[in-house]
Number of protein chains: 2
Amino acid sequence: MASSITVHDVAKAAGVSASTVSRALSGNAAVAATTRNRVVEVARQLGYQPNLAARGLITGTTHNIGLVVPDLENPYFASITKSVQSRALASGYSVFIADSDEDTRTELELVHQLSKQVDGLILCSPRMSTSDIAGIAGQTMMVLINREWEGLASVVIDDAEIVRLALEHLHALGHRKVAYVGGPETSWSNQKRWAAIERFAPTFDDLEVSKVGSYAPNFDGGQSAADVVLASGATAAFAYNDLVGLGLLARLNTRGVRVPEDLSVMGIDDVNVATLVSPGLTTVRSPLKKVGRFAVNKLIDLMSPTDRPSSTEDLPVQLVVRQSTSVPPQRR
Amino acid sequence: MASSITVHDVAKAAGVSASTVSRALSGNAAVAATTRNRVVEVARQLGYQPNLAARGLITGTTHNIGLVVPDLENPYFASITKSVQSRALASGYSVFIADSDEDTRTELELVHQLSKQVDGLILCSPRMSTSDIAGIAGQTMMVLINREWEGLASVVIDDAEIVRLALEHLHALGHRKVAYVGGPETSWSNQKRWAAIERFAPTFDDLEVSKVGSYAPNFDGGQSAADVVLASGATAAFAYNDLVGLGLLARLNTRGVRVPEDLSVMGIDDVNVATLVSPGLTTVRSPLKKVGRFAVNKLIDLMSPTDRPSSTEDLPVQLVVRQSTSVPPQRR
DNA sequence: TTGTAAGCGTTATCAC
DNA sequence: GTGATAACGCTTACAA
């Protein structure tokens with residue numbers, strides 16, 4: 001709680017009333033210039049810091065926001081979190097962080113714990129049930145990330161475009177049999193991606209995309225999938241995300257399968273760690289930093305609507321080719 | 001801020017006074033069993049959630065803590081952050097997160113912004129000046145991570161033991177010329193590690209450890225260092241942390257240097273991503289999850305001292321050997 | 001332009 | 001065991 005210098009301390013020291021101090025410091029009320037200067041100076045000397053909780057009690061606004069993510073150790077969410085916090089700071093907001101550890105129940109608990117002390121929530125929860133989301137939305141201002149529901153504000157990456165770019169790339173390299181290594185069935189993004197595959201695959205000549213199981217959206221999931229992918233006879237694996245892609249690479253390396261000569265591997269997102277390996281992981285970059293920024297913008301706009309709503313720029317995805325050779329597989 | 005059901009709403013609905021509601025719900029005051037049950041039931045039905053800000057105003061305790069880290073995208077800090085939040089949740093605390101983006105000024109700004117709305121702070125800031133730390137400590141309850149200063153509470157990993165284990169391992173493999181790839185000069189851990197090297201190196205027969213520059217504590221830093229390390233004639237590189245180690249591996253791979261046959265590489269920490277590459281990175285594991293947990297324990301103990309202070313278990317570090325061959329280098 | 005007073009949602013004190 | 005009442009630090013009518 002820090003040292004307790006209150007408006008009253010400042011008021012006494014400056015020889016004015018508490019309300020004058022409040023007005024002088026808030027800036028937007030009518031106060032004599034000389035009085036204001038004196039108050040401001042005294043406040044500075046005393047090291048006065050307003051108690052935001054008390055202010056929130058009366059203004060009804062805390063200048064705090066909450067961010068709920070499934071796993072902070074996942075570089076995908078780490079990037080989003082970082083940009084959310086950075087953008088929030090720029091607007092004078094503090095950020096409560098809540099890591100649900102992929103658990104939907106914990107997620108709800110966290111949301112409730114936070115909802116009373118924030119002006120709004122950013123919810124990054126691929127798996128929460130829609131009814132739970134609706135319930136929260138009724139209580140608190142909210143922006144969804146990578147998910148859409150009714151009229152709720154949301155920031156979504158263009159899954160269809162991601163899929164289109166990837167298929168286009170693989171097809172251009174000569175691949176005709178591609179295995180999509182799916183993420184959790186309940187994941188909203190996973191559903192969108194598979195739907196996009198079913199929509200776009202037929203538009204490419206002779207392209208066949210099969211779905212390989214449902215795997216955990218991480219390194220282990222990719223390792224588990226590798227052998228099944230190999231057995232499927234596909235010449236390219238298209239992973240649900242980069243971590244799965246890296247898991248594939250690791251297991252393939254263990255089995256002595258050459259990448260990309262024997263099997264090409266693509267990921268999604270271009271998370272920070274995707275550059276760590278060699279051969280690199282070809283991927284479609286998701287603008288994660290922008291996602292976080294936009295989410296905060298939308299939330300702030302929701303909380304205090306301005307005349308011109310937050311610019312509705314888009315979120316471009318982008319193919320990033322890293323695997324050294326672009327040779328089509330021999331066995332087509 | 002959520003729906004505004006207050007104690008008064010509950011009081012009216014239950015036919016009692018606001019103070020009785022408060023007592024019934026807090027649990028520790030004397031209240032008739034029947035009254036309590038009725039109040040609790042009504043509160044549940046109405047979906048009452050106490051306003052923690054208001055409570056904090058009078059109790060002087062917010063049940064919020066703040067965590068300041070230099071970079072959330074660094075898996076080292078991501079792990080600590082995750083465990084801090086997890087442990088805090090278990091004790092009913094919410095966590096403000098503050099990423100300073102490695103900038104000391106931002107760090108101070110964040111601390112000030114937070115200090116009034118938290119009961120205590122966990123500061124993970126390898127580079128903040130001691131005077132700034134002292135200043136904050138005078139204002140707010142605080143626990144330092146990987147840093148020590150005067151009488152301040154802190155949780156530190158045993159840098160000396162890390163260094164000892166690493167040197168012992170390398171020496172046992174036959175290495176006699178080792179290059180330590182240093183992190184930022186201003187980093188507290190880096191200073192401790194180098195000091196430990198100077199202390200322990202002479203205790204191993206014929207072992208010579210040279211310091212190679214000061215590099216950024218990340219992947220890029222490692223890449224930059226690789227060529228200098230090679231030129232140094234060392235048979236093993238001991239990196240400031242895993243990310244630097246991974247950067248070394250990547251650049252060595254590019255240059256066609258075989259690891260570990262031509263050059264062995266060790267990291268520190270065993271962050272999550274260290275397992276992503278092959279050959280794996282041999283490293284000394286830092287118990288990051290435990291560090292976060294302990295920090296919260298210490299902070300809670302500081303804020304509300306109990307009879308038995310938080311158990312003072314230690315933080316064991318542990319060698320993790322991953323590089324496939326243990327053959328000593330030919331050129332000794 | 002400034003001060004006084006009321007109130008935000010809680011809990012603590014003190015009567016009853 | 002329970003209910004008024006005051007108080008936490010702040011902002012904002014309303015007066016002056």
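So you know, we letter chains A, B, ... as the sequences are listed, proteins then strands, and number each from 1.
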Please report the interatomic distance [atom1]([X]) to [atom2]([Y]), rounded to the nearest 0.5 Å.
X: A/S125; Y: A/I136; atom1: OG; atom2: CD1; value: 8.0 Å
X: B/L302; Y: B/T140; atom1: CG; atom2: OG1; value: 11.5 Å
X: B/R147; Y: B/C124; atom1: CZ; atom2: SG; value: 10.5 Å
X: A/S154; Y: A/K298; atom1: OG; atom2: NZ; value: 6.0 Å

Return the value, rounded to whole Å, for the distance between atom [atom1] of [X] and atom [atom2] of [N].
X: B/R55; N: C/dC8; atom1: CZ; atom2: C1'; answer: 16 Å
X: B/Q49; N: C/dT10; atom1: CD; atom2: P; answer: 10 Å
X: B/R23; N: C/dT11; atom1: CZ; atom2: C1'; answer: 10 Å

>> Within residues 6-20 of chain A, which residues have any heavy atom lying less than 4.0 Å from an atom of DNA chain C?
In response: A/V16, A/S17, A/S19, A/T20
> Can you list, by residue number, the residues of residues 30-41 of chain B that have a non-hydrogen atom closer than 4.0 angstrom to DNA chain C?
Replying inline: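 Under 4.0 Å from DNA chain C: no residue of residues 30-41 of chain B.
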> Are A/T61 and A/T59 close enough, and set up right, to give a side-chain hydrogen bond (donor to acceptor under 3.5 Å, both in side chains), and what steps lead you there?
Replying inline: CA-CA 5 Å; A/T61 167; A/T59 62; 5.1 Å; no
>> Tell me every residue that passes ring-ring contact (aromatic ring centres under 6.0 Å, His included) with B/F96, counting only those two or more places apart in sequence or in another chain.
In response: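 For B/F96, the residues satisfying ring-ring contact (aromatic ring centres under 6.0 Å, His included) (neighbours in sequence not counted) are A/F96.
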>> Tell me every residue that passes side-chain hydrogen bond (donor to acceptor under 3.5 Å, both in side chains) with A/Q49, counting only those two or more places apart in sequence or in another chain.
In response: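 Checked A/Q49 against side-chain hydrogen bond (donor to acceptor under 3.5 Å, both in side chains); zero matches.
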>> Under a plain distance cut-off of 3.5 Å, with no hydrogens placed, do B/T62 and B/Q117 share a side-chain donor-acceptor pair?
In response: no
> If you walk 5' to 3' along DNA chain D, what is the first nucleotide with an atom under 4.0 Å of a heavy atom in chain B, and what is the last?
Replying inline: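 Under 4.0 Å from chain B, the extent on DNA chain D is D/dG1 to D/dG9.
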Report, one line per pair, each donor and acceptor closer than 3.5 Å where one atom sits in a side chain of residues 31-39 of chain B; sequence neighbours left out.
from, atom 1, to, atom 2, distance (Å)
B/R36, NE, B/A24, O, 3.4
B/R36, NH2, B/A29, O, 3.4
B/N37, ND2, B/A33, O, 3.3
B/R38, NH1, B/A14, O, 2.4

> Is the closest basic N to carboxylate O distance between B/E107 and B/R127 below 4.0 Å?
Replying inline: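 B/R127 and B/E107: not salt-bridged.
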